[in-house]
Structure formats: structure tokens, C-alpha cells
Amino acid sequence: MLVLGGASAHRTRILCLVRILVIGSGAREHALLRALRRDPSVGELSVAPGNAGTRALATTHPVDVTDPVAIADLAGRIGVDLVVVGPEVPLVNGAADELRARGIAVFGPSAAAARIEGSKAYAKDVMATAGVPTAASVQVTSVDQIEAALTTCGSPYVVKDDGLAAGKGVVVTEDRAAAAEHARQVLASGHPVLVEEYLAGPEVSLFAVCDGTIALPLLPAQDFKRVGDGDTGPNTGGMGAYAPLPWAPAGLVDLVQRTVLNPVIAEMAARGAPFSGLLYAGLVLASSGPKVIEFNCRFGDPETQVVLELLDTPLGSLLAAAAAGNLADVGPLSWRGAAAVTVVIAAENYPGPPVTGDVITGAEADGVLHAGTALAADGSVVSAGGRVLSVIATGADLAHARQCAYELVGRIALRGSHHRSDIAAAAAEGRVLLPGRA
Ligand code: AMP
Ligand code: GLY
């Protein structure tokens, strides 16, 4: 708490500045810190483990993000009012439970609620009970079930790892042998497989800030999962994103709130696993309407970078209200009337094992969010992961935001790096078509 006093008593104000610890090390966490910094009610910011770029916004602490006890120990030691957990792994491992058990407020679901991301079969079960539209699917637990499941769901084949796979566990292909081979590999890793009906249509990521009973949707965004231009090559953790979606049908958010978010929040509460944190609905706008292809239990990366850049409502107060179960007291969210684009700069060989340790120049500019970066002993910024940077820009419209983002990308040098050149291009040029419409 900070006490600000003037010379005269009537000018004395008491400001409670919320101290926040953000867990994670990606561009999503950099974006969270950037948005939290804009909130006048936020005081000291800490991050663990952070990256080379987050140092400018927050005090950095080391932590093993897979270890809930280590996270709670850190939060207790440095004395924070709120912990915001970025990645899914700590949540699935019970970090939010450990923090709540120690009386520390946390924005993030319990391990029980995080199963909505941790197990695709669990998510399907929740959706079936709640009547939420999703792709038909067959669970496969042994090699002899693979062929029948592929025949049932048909081509293009969608084969998913049922466990956490950092966005890379899904194969979508018309090559039946490749689909079967992926299923065999996932089974060999000890996870069940989900084979799904293919859904045609544009994808939408819709985030909702939830407090266990209320889901408050943010702006819909679109991300680009494939590594190459024109949606070619393997799936990645995400190569870029934009918001808002000029092509989205009117009323889309209300429809998803009614058919997806509200029923899921009610079903999770009924199961004794109320969802408090960020519920991420990955949707396909199929000809029959929006259908869920995945849920995540945390902010998406890289969509967060664009959604938060457009958010006017103070983020710290919003997340603190959700953590306290008080979303009913939060008024409608406000947004900047602009468009935002982010382009991910990836290391050589990503999404395969990335080449790391190369010097990056130009990464200190405003709008360059860091992900896989580290500070070398000589103070230079070097690559330290697959997705290295997430360059963001806003503009009056998507074409303008795109132009500014790519100008910034052009000022960054990282040997061997690659990025997509078509992020938000189809949307800016009016080329995104909804199924069933010309
Ligand atoms: P996921 O990790 O479940 O989001 O899947 C990764 C990507 O695979 C998605 O962004 C889609 O592009 C694609 N995908 C997943 N499920 C389906 C589906 N049922 N139909 C069509 N594409 C899908
Ligand atoms: N943008 C995809 C994800 O965060 O899983």
C-alpha cells in the first residue's frame, strides 16, 4: 500500500496499488505486463521467469513454472496481491490451487477446471453434457482402433493428442497413412488419441474472463497456426494474429456467449470445478454456426498480444475482480477503436528444435514483445526459443496495422529467422469467406 499525502489533510489520498506477479516467459506474458503497466491501480510488477524483454516492465525472479509449490513460495516471499498465470502447465499441475490454499489471489483456474484444456476427452464430455456444438469425435486408446476411427470421421483426417502438446499435437491431413502414423506416435507416447470430424470454415479465438459463474468475452481474434504463408507446413504454437475480425457475422460474440460460454461455465460449476480464469474457446465458423474445436484454460498466444493492445479497460482491476469472484461489479469492457496485428519472428528450424543463441538486433523497439529471448553475458539479446519475438502494431484499420507491423519486422535482424508475410492479409483485403456465403 502506498500512502500519498499532501500538505493539507483534505488532499491526503490513500491509493491501494495492486502488486502483481505474472508467471511465464512468452510474448503473451510480455503483453500482459504491458497492459497491466497501463492500469493506474497496478503498483509493483514481478515476472517469473520472464525473458530479456520483460525486464523493462517488471522485476524478474527465477522459478520452475511446472512446480506449483515453487510458484506459491515465490508469491508468498515477495508478497503480491495477485498472481496471473500465463501458461497452461502450471495450471494443469495445480498452481492456482496451491496459491488459493495459501490465501493468495490468483487469476487462473484450479487443476480440476484446467482439465478443460489438459484433456480433450474431458472437454468433449463437458460439451456433450452442456449441449455445446463441437466436432464429432472418436477416442482411440489402442492401435487396433485407429483405422475404424479414421473411417468414421472421414477425410480430411483430424488426429489429436489428448494431452498437452504446446499446440503441436494436432495433424490435419488428407493422407490416411500419415494420419494413422501420427495416431500411433501419440499412443506410443502414452496419451490417448482423439480423431475428429473435419470442420470447414474460418477460425476464431474468443477469450472470456471468468469468475466461476460469469464469463465476460473479450474481442474475437484470429491466429495463424501453420508455419508457412497460405497456411502451409506443420502446425506451430502460432505465427501471428489480428483483431478485430471485420468479416465476423454481426452478433457472433453474443451467439457464442449463449451457445458456448454460458453453458460451459454452468456445467463446470455443476461438476464442482467452477472455472475462474481465462476460458479460451477455439471455434470454427461452420456453415451450421460456430463449433468448438478446442478449449484452453489460459490466454492464447499470440492472440493476447493483439487483444490486450486494444483493451481500454484497466486490466489489473479486471483480473483482480475475476479472481475475487466479482465480475458482476465490472461494467462493460471498453476497446480502442483500432485494429491490431502481431507477427511472430521464429528461430531457424522452428517448429522443429530451434537454433538458439543468435544475437538479435532491433528488439528493443516499442511494440516488439519478447518470447524466446535471453540476455547474454555481454548484455546482448540472444534467441533462446522457437518463437523469439512477437511484433505488434495498431492502426486505423487492419491494412494500416499490418503495414506498421511489417515495417517493424523489417527493422529486426536475427540470423536464420523466419516469419509469415500474410498475417491478416486476407482479412484486410476482404478475402475471408464464411461458408455458405459467396
Ligand atoms: P487445436 O490445437 O485443437 O486448436 O488444433 C490446431 C489446429 O488444427 C486448429 O487451429 C485448426 O486449424 C486445426 N483443427 C483442429 N481441429 C479441427 C477440426 N475438427 N476441423 C478442422 N480443423 C481442425
Ligand atoms: N494461439 C493458440 C494457443 O494459444 O493455443
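In listed order, ligands and their atoms are each counted from 1. Note that the coordinates shown come from a computational prediction; the quantities given were computed from them, not determined experimentally. The figures that follow rest on heavy atoms only: side chains count, while hydrogens, waters and symmetry mates do not.
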Note: ligand 2 atoms sitting under 4.0 Å from heavy atoms of D223 are 1 (N), 2 (C)
Could you tell me whether some N/O pair between V284 and ligand 1 is separated by less than 3.5 angstrom? no
Ligand 1 atoms nearer than 4.0 angstrom to some heavy atom of K120 are 3 (O)
Side chain of R402, backbone of I423: donor and acceptor closer than 3.5 Å? yes
Near G300, which atoms of ligand 2 are under 4.0 Å from a heavy atom of that residue? 4 (O)
Is R38 salt-bridged to D312, going by a charged N under 4.0 Å from an acidic O? no
Is D422 salt-bridged to R431, going by a charged N under 4.0 Å from an acidic O? no
For ligand 1, which is the ligand I care about here, please tell me if Y198 has any N or O atom under 3.5 Å from one of the ligand's N or O atoms. no
Whether the side chain of R28 engages the backbone of F299 through a donor-acceptor N/O pair (distance < 3.5 Å, no angle test) should be reported. yes
Per-atom contacts of ligand 1 with K160, taking only distances under 4.0 Å to non-hydrogen atoms: 3 (O), 15 (C), 16 (N)
Quick one: does ligand 1 sit under 4.0 Å from the side chain of E197, the backbone, both or neither, non-hydrogen atoms only? backbone
Closest to atom 3 (C) of ligand 2 by heavy-atom distance, out of R298, R28, E294, is R298
Ion pair present between R34 and D366, side-chain N to carboxylate O less than 4.0 angstrom? yes
Quick one: does F299 get within less than 4.0 Å of ligand 2, heavy atoms only? no
Smallest heavy-atom separation, Y157 atom then A179 atom, equals CB-CB, 3.6 Å
Answer yes when K120 and D162 have at least one side-chain N-carboxylate O distance shorter than 4.0 Å, and no when they do not. no
Can you tell me if G238 contacts ligand 2 (heavy atom of the residue under 4.0 Å from the ligand)? no
I'd like to know whether T151 forms a side-chain hydrogen bond (donor to acceptor under 3.5 Å, both in side chains) with R176, so could you lay out the CA-CA distance, the side-chain angles of the two residues, the decisive distance to 0.1 Å, and finally the verdict. CA-CA 9 Å; T151 301; R176 185 167 176 131; 2.8 Å; yes
Heavy-atom contact check, 4.0 Å cutoff: does K225 meet ligand 2? yes
Nearest to atom 2 (C) of ligand 2 by heavy atom, Y280, F207, F224: which? Y280
